[in-house]
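Letters A, B, ... are given to chains in the order of the sequence lines, protein chains preceding strands, and every chain is numbered from 1.
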Amino acid sequence: MRRRGGWGLKALLEIDGVTKTYPGVVANNSVSFSVGENEVHALLGENGAGKSTLVKMIYGLVRPDSGVMRFQGGTYAPASPHEARRAGVAMVFQHFSLFEALNVAENVALGMEEPPPMRTLAARIAEVSEEYGLPLDPSRVVGDLSAGERQRVEIIRCLLQDPKLLIMDEPTSVLTPQEVDILFETLRKLREEGTSILYISHKLEEIRALCDEATVLRLGEVVGNVDPKTDSARQMAEMMVGASLMTPSRDSGSFGEAKLEVAGLSIASSSPFGTSLRDVSLTVRAGEILGVGGVAGNGQDELLAALSGEALSTPGTLKLSGQDVSALGPNARRALGLLAAPEERLGHAAAPDMSLVENALLTGGVRKKLIASGFLKWTEARRFADEVIGQFDVRTPGADHAARSLSGGNLQKFVVGREVLQAPEVLVVNQPTWGVDAAAAASIRQALLDLAAGGAALVVISQDLDELMEISDSFSVLSEGRLTQPRPAAGLTVDEIGLMMGGAHDMGVAHAAG
Amino acid sequence: MTDLAAINPTLLVFALIVASTPILLAALGELVVERSGVLNLGVEGMMIVGAICGFAAAYESQSPLLGFAAAALGGAALSLIFAFLTQFLLSNQVATGLALTLFGLGLAAMLGQNYSGEAVPATPRLNLGPISDIPFVGRVVFGHDWVVYFSLLMAALVWAFFKYTRPGLILRAVGENHDAAHALGYPVVAIRVAAIAFGGAMAGLGGAYISLVRVPTWTEGMTAGAGWIALAIVVFGAWRSGRVVLGAYLFGGVTILQLNLQAAGVAMSPELLSASPYLITIAVLVVISADRSRAALNAPAALGRTFHASS
């Protein structure tokens, strides 16, 4: 495949001096770049760098304050996504824009300007999905699909409209390694057929593997263009962050006695689209970090609920330092040293409309002794909240601000920090660095490693395999509610992990046949 | 002295349909509102306002048709207050809906002060000549006023709207995930306001059917909880048009049956018989929604959640 972006080929999309300001923050400051025809163009940047605002403007969801966009040589100022789609711009969203209770064909129809009748559409979906190696049954309800399949729905919705420019916002964050390979093959095929792709990501290795050109954004401004084929990942990362990165370090010590023992744990999921846990067994020793990988929706939320005490299990299935805690609720488990930080920040890990002090009190009350005979100790609670804010670099005007007012990454730092600083015996975290920028993610991982070095046992559930490989001592995978036998993390290859995850089976076959 | 033979099956079924129609109309409107993701608990208030608007207009103009038109407008106007508060000022839907019911009851009592004890012209029944004279069938199937057929037609139209049309699909999508619908470029707030207004108009029609056909006179608080039953039936009907018809007729049927049983002097306490429609409807509700995961599957996922476009 020839690299063509820089060869003076005419530009498909040009962004010229685009600025967008929100009250108190400049999301994009005079951003200029262009995407050539037949080009896969990467947009790189940390969380909060302004990538999302920029693509929302291209897709007509947000209007720029100033600056111009040109598409295929003509002026381009879409007032709505409908206009953008009519012009030939399609977008695959990071958080899927799908409707769980509707079927695949209905979901596709909703994203099209003039959909054909349902029966014709269903046939077209089957046809196009086979052609691109993304098999999909048009009559299935989206709520029953895996994350990878859901993404296929989004992609096919875009492909049916023959877009000139396809925008993909962090498409691989929910996929298994094999699914990523298949996605890349599809994208390369699209480029050969003349579709340009604007690919947004902060995963540098992917950009090196796929993209022709890359524009780096930092704090709303373009800081440079890089050639992903020649520049190293580290160079790009430092450009993105604007500082040199630290790599978490650890001493690989020996492990102590078993802290958390789970044997034959089966729990039915409380949600209709959830996954029930089936016969889950695991042991985590003092000083050990168990990494639990797997594609989202395979029982991660249920496992966290079972360990934290939100869902009770049959007696004898859950032991903390030898004591049976299966029938104890979250606060009783907290008192014994078993803490948890769930994935959903707003509404699960934190109460959105309560202040950070109140949120600190909500989980820290037991272990930090912030409650005395039914009364709250506000001074101590505030001190504890300030301690979390200080140690984990939570950017907020003060501890009295509502949890909702924090950005996702900052709130994540707060909810993880809040548990870490309670000196847990066992800590269970789900997606500890979801939506957190690279520098902050590194410091959260370092805090988890330090906690383990201090003798705590950790269960880290994550979708980010690089993260798990970086911090785990042992590794297992949740697949359809079953947990694989934990294996030592050192020496595991990506292929082996992919096999453990067991996704993508039908998709590989489709490509081989095509 | 029990005299079950005194119960005339023709009159029983006929009265059942008349008793069910107001609830069916209001429930169909609320069904559309809830499918768009809005929970409007003000059905009772919109019904009673529809009842007085319809009665007043029919009395002043001596035209029942104008009365029904005024009732639909009155119900829709009241529902737009709810729409403004919840969709633009982002107020809590549950609290606003309850307030709407209280407001509607008070407003209707005030508007109706001069209409107590007055009479309105009757809404004509369908007359197909000889066909309407066929025993039982003639009366029960072909002997109603136009509103009964209109309510059943609306049930069919609502069903077809959701099953076959694109606007129906978009409305369901808005009720399922308003953020995704917004991201795809659909006007969430406008669609919801339209659904709320439709729900208000239907509730108004239901109220007018009580004051113009079923009773037909004006008394304060005459809807007597029909709006609440309509709300329950939407849930019982799992947000499906066909089951809502079934639910409305079940409630109407038990209501009429127990009245007949009371009149026939069945040896049961009248209090228990009067309570039976509510008890039976609740019992059926509990049985049908026993499978929690299936009930959750049918419920619009964004029901009652406030939407605010954050971008």
Side-chain angles (χ1 to χ4, degrees), chain A residues 20 22 27 52-53 55-57 59-63 78-86 90-103 105-118 121 141-144 150 154 157-158 169 268-274 276 347 404, chain B residues 31 34-37 90-92 95 160-192 235 238-240 288-311:
Chain A
K20 176 73 194 178
Y22 289 114
S52 296
T53 309
V55 295
K56 277 182 185 167
M57 288 192 276
Y59 195 58
L61 277 166
V62 175
R63 291 220 210 181
S80 72
H82 298 287
E83 279 183 36
R85 288 199 290 263
R86 256 178 244 131
M91 178 158 168
V92 172
F93 291 86
Q94 177 186 9
H95 302 292
F96 302 134
S97 59
L98 296 177
F99 307 94
E100 293 200 337
L102 306 183
N103 70 28
E106 288 170 329
N107 267 284
V108 170
L110 281 166
M112 294 178 74
E113 280 316 299
E114 277 149 20
M118 277 299 169
L121 183 63
V141 173
V142 166
D144 297 335
R150 287 177 195 211
E154 291 244 3
R157 174 152 81 187
C158 294
D169 193 357
S269 175
S270 56
S271 128
F273 296 120
S276 300
R404 190 191 290 286
Chain B
L31 165 72
E34 292 193 10
R35 274 290 185 101
S36 80
L90 310 181
S91 70
N92 177 292
F161 174 71
F162 285 126
K163 187 155 173 75
Y164 294 113
T165 73
R166 182 161 172 84
L169 177 62
I170 292 171
L171 191 140
R172 273 197 287 155
V174 167
E176 183 60 32
N177 183 346
H178 49 218
D179 294 318
H182 173 72
L184 289 173
Y186 295 108
V188 174
V189 170
I191 289 169
R192 286 187 169 166
V235 179
W239 296 270
R240 284 167 197 208
I288 294 225
S289 55
D291 188 346
R292 252 180 64 216
S293 60
R294 269 190 71 196
L297 255 177
N298 282 327
L303 185 60
R305 280 173 45 208
T306 301
F307 170 71
H308 177 57
S310 54
S311 51

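- In B/Arg166, the CZ atom is crowded: over 12 heavy atoms of neighbouring residues, nucleotides or ligands sit closer than 6.0 Å.
- Residue contact with chain A, scored on non-hydrogen atoms closer than 4.5 Å, involves the backbone and the side chain of B/Ala181 alike.
- The candidate from A/Pro81, A/Ser80, A/Ser52 with the greatest count of non-hydrogen atom pairs under 4.5 Å with chain B is A/Pro81.
- Two residues are said to be in side-chain contact when any heavy atoms from C-beta on lie closer than 4.5 Å; A/Leu110 and B/Ile170 meet this criterion.
- Between B/Gly185 and A/His82, the closest heavy-atom pair is O-NE2, 2.8 Å.
- For A/Met112, the part lying under 4.5 angstrom from a heavy atom of chain B is the backbone only.
- For the pair B/Leu169/A/Met118, a side-chain contact is recorded, criterion being any heavy-atom separation below 4.5 Å from C-beta on.
- Of the two parts of B/Ala173, the backbone and the side chain both hold a non-hydrogen atom closer than 4.5 Å to a non-hydrogen atom of chain A.
- Interface residue A/Ala109: backbone and side-chain heavy atoms are both found under 4.5 Å from chain B.
- Note: B/His178 and A/Phe99 fail the aromatic proximity criterion, with ring centroids not under 6.0 Å apart.
- Neither the backbone nor the side chain of A/Met91 comes within contact range of chain B; no heavy atom of the residue lies under 4.5 Å from a heavy atom of that chain.
- Residue A/Glu83 does not touch chain B at all, counting heavy-atom pairs closer than 4.5 Å.
- For the pair B/Leu184/A/Arg85, a side-chain contact is recorded, criterion being any heavy-atom separation below 4.5 Å from C-beta on.
- Distance alone, capped at 3.5 Å, is enough to place a donor-acceptor pair between the B/Asn177 side chain and the A/Leu98 backbone.
- B/Arg172 is listed as a side-chain neighbour of A/Leu102, based on a closest heavy-atom distance under 4.5 Å.
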